[in-house]
Each structure stands twice: as C-alpha cells, then as structure tokens.
Amino acid sequence: MWRMNGDTAAQTPTGTDHTARGDVGVPVLTDQPSPALPGPRDPDGDAGPGDAPGGPGGDGSIPPPPRPAWLRGLARFGYAPPPAAPLAERLVPPMPDGPGVTPERVPPSPLLLRVGLSLPEPLWSWLVRWAGWLGPLAVALFAGALRFSDLGTPNAIVFDETYYAKDAYALWHGGYEISWPEGANERIMAGDPVPYQSNPSYVVHPPVGKWIIGAGIQLFGMNPFGWRFAVALLGTLSVLMVARIARRLFRSTLLGCVAGLLLAVDGLHFVMSRSALLDLVVMFWILAAFGCLLLDRDRTRARIAARLEERGGGPDPEFARRMNLGWRPYRIAAGVCVGLTCATKWSGLYVAAAFGLLTVLWDVGSRRLAGAERPYLWTLARDTVPAFVSIVVTSVVVYITSWWGWFASSSVPNQGGYGRDWAVGRSTDYPWIPEGLRSLWHYHSTVYDFHTHLSDPHTYQSSPWSWLVLGRPVSFFYESPKRGTAGCAVDECAREVLGIGTPLLWWAGVIALVYCLWRWAARRDWRAGAVLCGLAAGYAPWFVYQERTIFLFYAVCFVPFLVLAVTMLVGALIGPPGASRDRRVIGAAAGGLVVLLIMWNFLFFHPLYTGETIPMEDWRRRMWFNTWI
C-alpha cells in the first residue's frame with residue numbers, strides 16, 4: 001500500500017541514492033507514450049519503455065507500441081530494451097535514503113570497510129537515514145559562513161543600497177517610503193541619529209523586499225551589517241533549498257549537495273547575498289515557489305498511485321478522466337511565494353505565468369499516466385481553474401495585502417504614502433471601488449510607465465544577450481587605496497565589489513543548458529523541462545525590454561536554475577547504471593573535476609566579491625576581459 005513518508009514521496013522498498021546508480025545520466029521520459037530508448041530504465045522517468053495510453057494487458061501491464069526500425073536494428077547487435085517500470089514507480093519514483101525509506105538498521109558501507117573505516121551500527125544507520133538533511137544542511141552552513149563573514153565590509157553604502165536600506169528603515173518606522181534630506185547617507189554612516197522625516201517619496205518597487213531588509217535593521221541597527229543581514233540569511237537559506245530541490249528533482253542526495261555547493265560558490269549569488277538589494281529576495285521567492293510546486297507534484301502523484309492501487313494497480317481511463325486531484329496545499333503555498341515575488345519586484349508576473357503553465361502540464365502528465373485518453377481535455381476541464389485560483393488569485397491577494405502599510409497611512413496630502421490621497425474627492429465611474437484601491441491603481445499606472453520607459457544610460461548596463469557569458473558585470477564598490485591605507489602594502493592597490501558570476505560555473509552552465517534542451521526536446525525529460533522553465537521565467541522577459549536600462553545582477557533570479565542545469569550535467573558525466581566500472585570511475589572523476597575547478601575559480605575571484613584590498617597588479621590579473629573593467 002502506498003503512503004507518504006517524511007519526504008512526501010511514496011514509500012517503496014527500493015529507496016536509495018540514485019546518483020550511485022547514475023540515473024541522472026540515462027534516458028528519462030515524460031508522460032508521452034514512446035518507444036524504448038537505449039540504456040537502462042530510469043526510475044525517475046514519468047514513462048518507461050512501452051508506456052502508452054490504453055487499457056492494461058492480461059497481466060496488468062500496458063501493451064507496448066511497435067518499436068521503430070532503428071531500435072529493431074539495434075536488436076541485431078544484442079540490444080534488449082529495459083523492462084517497463086511499474087506504474088506506481090513511474091508516477092512517483094522512490095526517494096533516496098531517508099526517514100520512511102531507510103530501514104532502522106543499515107549494513108556497513110563496503111567502500112568505508114575497504115579503507116578500514118567502520119562506524120558503530122546505530123551511528124551509521126542514523127547518518128544514512130538523515131543524510132538527505134545532514135548533507136544539505138552542511139552545505140548551507142558552509143554557504144552561511146562565507147556570506148556572514150565580514151558582512152559589514154565594505155563599511156559603506158554600496159550601489160543601490162542607498163535606496164533600499166533607507167526605504168526599509170522608513171517602512172518599519174512609518175509604513176511607507178519617505179524623501180530623505182541631503183547628506184542623509186553621510187550622517188547614517190557617521191553613526192548620527194537617522195534623519196527621518198514624514199514626507200512621502202515616489203518609489204517604483206513594491207514593499208516586501210524592503211520590509212525584509214528592514215527586519216535586519218530592526219535587529220542590528222541602521223548600519224551595513226544590519227541592512228545586509230536579512231538578505232544574507234535568505235541567500236544562505238536558498239542554498240539549503242536548492243540542495244533539497246535538486247535531491248527531490250534528481251532523486252539523489254549526492255547531486256542535491258552538489259547543487260547546493262555550486263550555488264554557494266557562485267559569485268553573483270554571493271555578492272547579491274551580501275548587498276541590500278531586492279533581486280536576491282526575488283530569487284528566493286521564485287526558488288521557494290518552484291520547490292512548493294515540486295512537492296505538490298510528488299504529493300499529487302502519490303495520491304493518484306494510491307487510488308489506482310485500490311482499483312487494481314493499472315491504468316484506469318474512466319478514473320483518469322474524472323479523478324479529483326483534491327486539496328493541494330503546496331500549490332497554494334507556491335501561489336503565496338509567487339505573490340511575494342511580485343510584491344518584491346514586478347518581474348514576478350512572468351513567474352506566475354510560467355509556473356502556472358508548468359503545474360498544469362504536470363497535471364496533464366499525471367492524467368496521461370493514470371490512463372486518460374485525452375489528458376489535455378480533461379486537465380483543461382478539471383485542473384485549469386483550480387491552478388489559476390491557487391497561483392494567480394492567491395498571488396493577487398498576497399500582493400495587495402503587501403501594501404498594508406501604504407493603505408494604513410493617512411490619506412491627507414503629504415501625510416501618508418505617495419499617491420495615497422489621489423482618489424480622495426475625485427469623481428469616478430466606479431464609486432463602488434474603495435478610494436484606497438483606486439489610488440493604488442493610479443500609482444501603479446505611473447510606475448508601469450516608469451519601468452517601460454526607463455532608458456537612462458548607465459556605465460554598467462548590459463544586454464541580456466551577454467549575461468550568460470558574463471559580458472558586462474556591475475561594479476558595486478571601488479576604491480584605489482595607496483600604500484599605508486586600507487591595508488595596502490604596495491604603491492597602488494584596488495578594492496572592489498564586482499557583481500559577476502563565477503566564470504567557470506556560468507560558462508559550464510551554457511553547455512549544461514544546451515544539454516538540458518536536448519534532454520527536453522529529444523528525450524522528453526520532464527526534469528530538464530522544469531529547469532528550463534524556471535530559467536526562462538527569470539531570463540526571457542528581459543529580452544522584451546532591451547531598450548530599458550538593465551543590469552547583469554538581475555540574472556541572480558535564475559542562477560539556481562543554471563546551477564540545477566550544471567548539476568544535471570554532472571549527473572550525466574557520472575554515467576548510467578549499466579555502464580562499466582571504468583566508465584563510472586572516469587565519469588565521477590570528470591564530474592568531480594568540474595566541481596573542483598568551479599570552487600577554485602570562486603576562490604580566485606573571492607577578493608573581487610568582498611572588497612578585499614589587493615595589489616593593483618592582482619586586480620588586473622582578474623580582469624580577464626576589457627568589458628569587466
């Protein structure tokens with residue numbers, strides 16, 4: 001009987017770490033019926049060889065479709081297609097070792113015994129059972145140590161912190177953003193009383209990200225450490241999230257830890273985690289929404305598998321057409337996260353559309369595997385409206401609620417949030433709409449006009465075409481100290497905080513994205529499609545606004561999905577389970593070398609991420625291209 005364990009995955013007796021068997025590197029099919037493909041069956045796949053719609057055969061299996069000529073040709077050379085996975089396992093592949101999957105007593109590891117290391121049985125069993133949390137937590141602690149180390153350095157207001165730190169302070173003290181007097185930055189950095197005043201200011205971003213930044217200020221004061229604290233915390237938590245997401249996506253604790261480690265050492269993610277800007281907050285809520293949808297997918301499919309088992313274990317066209325997927329709290333949680341994304345920056349609107357489409361397509365796949373003959377039709381009839389309510393309606397409610405401070409402010413001119421008084425006494429054809437909502441709508445119309453016509457040239461602006469290859473990074477902070485100042489021991493030094501990704505990671509990411517496109521288009525791998533969807537949601541919209549002033553650091557929103565793509569490529573390098581031992585050893589060594597090179601690259605550029613004082617010659621050695629200067 002199927003039931004849910006602590007990982008929200010169906011319990012099976014085969015729970016194990018699938019990277020050890022190389023499952024990420026073998027064919028993984030979606031719910032489309034397809035002929036058998038070369039290579040061993042991947043338990044992560046939604047459809048195995050021979051999966052086709054229709055009723056079960058006499059033994060409860062699905063009759064396979066005719067194999068194509070090229071596959072029949074391979075049979076002449078001794079190739080035999082792998083057996084089809086059970087329907088329940090295609091719906092929800094088994095999770096790696098963990099609570100509810102791993103037995104109470106685990107045999108010792110042959111590898112550890114071979115090197116002479118033997119742990120007490122209770123300790124070993126506990127470590128194996130909780131490895132799915134211990135590994136990601138260890139990686140997150142490493143990321144946190146990097147991000148919180150000297151977080152207050154540089155001791156200055158860097159780049160756009162001049163807006164968001166002060167806006168955050170104003171929100172926590174008055175509920176709306178204010179105009180600041182001349183010299184406010186100098187007085188704040190000198191430790192003087194904060195020159196707060198109540199006159200409103202016109203701002204063009206919603207308040208959630210600034211509320212979050214302000215929480216750190218409330219805890220640690222109006223200083224660089226205080227206004228960077230909350231963002232650094234979200235950056236650390238996002239490393240934990242991406243590790244757990246990758247573990248669930250690839251059914252591998254090892255690959256989950258690899259993904260977390262790669263995100264921990266990405267330079268752009270690192271710099272944005274140590275700066276009081278909004279884009280890291282946007283990235284956090286996008287990643288959280290994706291994780292919730294992934295949980296919803298597993299939970300929903302496990303329920304379908306349990307219902308099918310009650311009805312005989314095979315596909316059931318009648319049930320698949322009419323089944324009610326029921327209460328889906330994780331999808332509502334995803335809607336909340338999407339709403340918080342939009343309430344930080346409007347770019348979250350594209351995330352709502354992309355993720356809404358993604359969850360509906362996943363429902364199509366679920367109904368197809370359950371046996372529905374026209375899954376798109378029945379998904380449209382039964383699942384589209386609940387998905388719209390869960391994602392779109394929920395996010396709209398969350399977004400409007402996020403403006404509560406502005407609504408609560410006074411509607412007397414110049415005594416409340418900017419534009420709060422616009423609708424007061426103004427005639428309208430819609431008198432039934434509250435004045436506050438009408439004022440907010442007008443405010444938003446002016447903000448939209450600002451965003452779509454922002455074309456003020458900037459030294460560090462860049463085209464989105466150049467982002468993946470790091471064509472034009474952003475200098476957040478720069479100084480040229482001389483000998484005897486700021487720790488400079490030579491004639492001329494440099495201190496810089498450069499917003500740039502770890503080059504080897506991003507360039508490997510370009511290759512990994514090509515690989516994911518192939519996996520999705522040619523092998524119909526749903527995991528590759530999910531990664532590409534998340535990346536497209538954060539990246540593609542900027543191509544529509546290329547005339548606008550935009551910057552490379554906006555790309556931090558899709559960095560986790562770039563990391564997931566590289567992780568998937570590393571899994572492919574490890575190799576399929578049916579490969580020879582030499583192939584697996586060489587593949588694991590190649591994957592490990594990729595990770596080590598990326599870590600070295602991060603350490604090489606680390607001085608440019610933290611504003612460390614280095615000789616000018618060392619700074620020039622890190623300027624690999626003229627466009628980086």
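Along the sequence shown, residues carry numbers from 1.
- The nearest pair of heavy atoms linking P560 to L287 is CB-CD1, 3.8 Å.
- The closest side-chain donor-acceptor pair between Y399 and T401, if any, does not fall under 3.5 angstrom.
- With sequence neighbours left out, the salt bridge (Lys or Arg N to Asp or Glu O under 4.0 Å) criterion links R548 to no other residue.
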### Query
So W465 and F543, ring-ring contact (aromatic ring centres under 6.0 Å, His included) or not? Walk me through it.
CA-CA 8 Å; W465 290 104; F543 289 94; 4.7 Å; yes
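- Within the 4.5 Å cutoff, the side chain of L440 has heavy atoms near those of the F407 side chain.
- The shortest distance between side-chain heavy atoms of L294 and Y330 does not fall below 4.5 Å.
- Side chains of H269 and T502: a donor-acceptor N/O pair is absent below 3.5 angstrom, by distance only.
- Residue T394 comes nearest to G335 through the heavy atom pair CG2-C, 3.8 Å, listed as atom of the first residue, atom of the second, then distance.
- The heavy-atom pair separating G436 from R420 by the smallest distance is CA-NH1, 3.8 Å.
- Side-chain contact of S179 with Q197: a donor-acceptor pair under 3.5 Å is absent, judged by distance alone.
- In this model, a donor atom of one side chain and an acceptor atom of the other lie less than 3.5 Å apart for T253 and R247.
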### Query
Between C292 and C337, does a disulfide bond (SG atoms under 2.5 Å apart) hold up when you go through it step by step?
CA-CA 9 Å; C292 288; C337 293; 4.5 Å; no
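- Applying the side chain to side chain contact (heavy atoms under 4.5 Å, CB included) test between L280 and each of V556, L268, T344 identifies V556 as the sole match.
- Within 6.0 Å of the CG atom in N199, the count of heavy atoms belonging to other residues, nucleotides or ligands exceeds 12.
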Without placing hydrogens or testing angles, list every side-chain donor-acceptor pair under 3.5 Å for residues 180-188, not counting sequence neighbours.
from, atom 1, to, atom 2, distance (Å)
N185, OD1, K166, NZ, 2.9
N185, ND2, T162, OG1, 2.9

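- For W628 and F625, the distance between ring centers is under 6.0 angstrom.
- Ring geometry, F553 versus F551: the interplanar angle falls under 30°, so the pair is classed parallel (tilted spans 30 to 60°).
- Applying the ring-ring contact (aromatic ring centres under 6.0 Å, His included) test between Y202 and each of Y443, Y176, W422, Y163 identifies Y443 as the sole match.
- Closest heavy-atom contact between A131 and P136: O-CD, 3.7 Å.
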Under 3.5 Å, side-chain donor or acceptor atoms of residues 528-536 against the rest of the protein: list the pairs with distances, not counting sequence neighbours.
none

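- Applying the salt bridge (charged side-chain N to carboxylate O under 4.0 Å, His left out) test to every pair with at least one member in residues 470-488, sequence neighbours left out, gives these pairs: E479-R495, K482-E492, R483-D491.
- W406 and E177 are not linked by any side-chain donor-acceptor pair at a separation below 3.5 angstrom, with hydrogens and angles left out of the test.
- Here the CG atom belonging to L340 is positioned 14.0 Å from the CH2 atom belonging to W211, to the nearest 0.5 angstrom.
- Residues H444 and Y448 keep their aromatic ring centres 6.0 Å or farther apart.
- Side-chain contact between L219 and F229: present, with at least one pair of heavy atoms (C-beta onward) separated by less than 4.5 Å.
- Residues F558 and W467 approach most closely at CE2-CE3, 4.2 Å, considering heavy atoms.
- Aromatic ring orientation, F290 versus F355: tilted (interplanar angle from 30° to 60°).
- When the shell of 6.0 Å around OH of Y478 is examined, it contains more than 12 heavy atoms from other residues, nucleotides or ligands.
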Would you be so kind as to tabulate the donor-acceptor pairs closer than 3.5 Å made by side chains of residues 591-611, with sequence neighbours excluded?
from, atom 1, to, atom 2, distance (Å)
N601, OD1, L504, N, 2.9
T610, OG1, H606, O, 3.1

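- One finds the CZ atom of F270 at 12.5 Å from the CG atom of L263 (value rounded to the nearest 0.5 Å).
- Classified by interplanar angle (parallel below 30°, tilted 30° to 60°, perpendicular above 60°), the ring pair H458/F159 is perpendicular.
- For W542, there are no side-chain hydrogen bond (donor to acceptor under 3.5 Å, both in side chains) partners two or more places apart in sequence or in a different chain.
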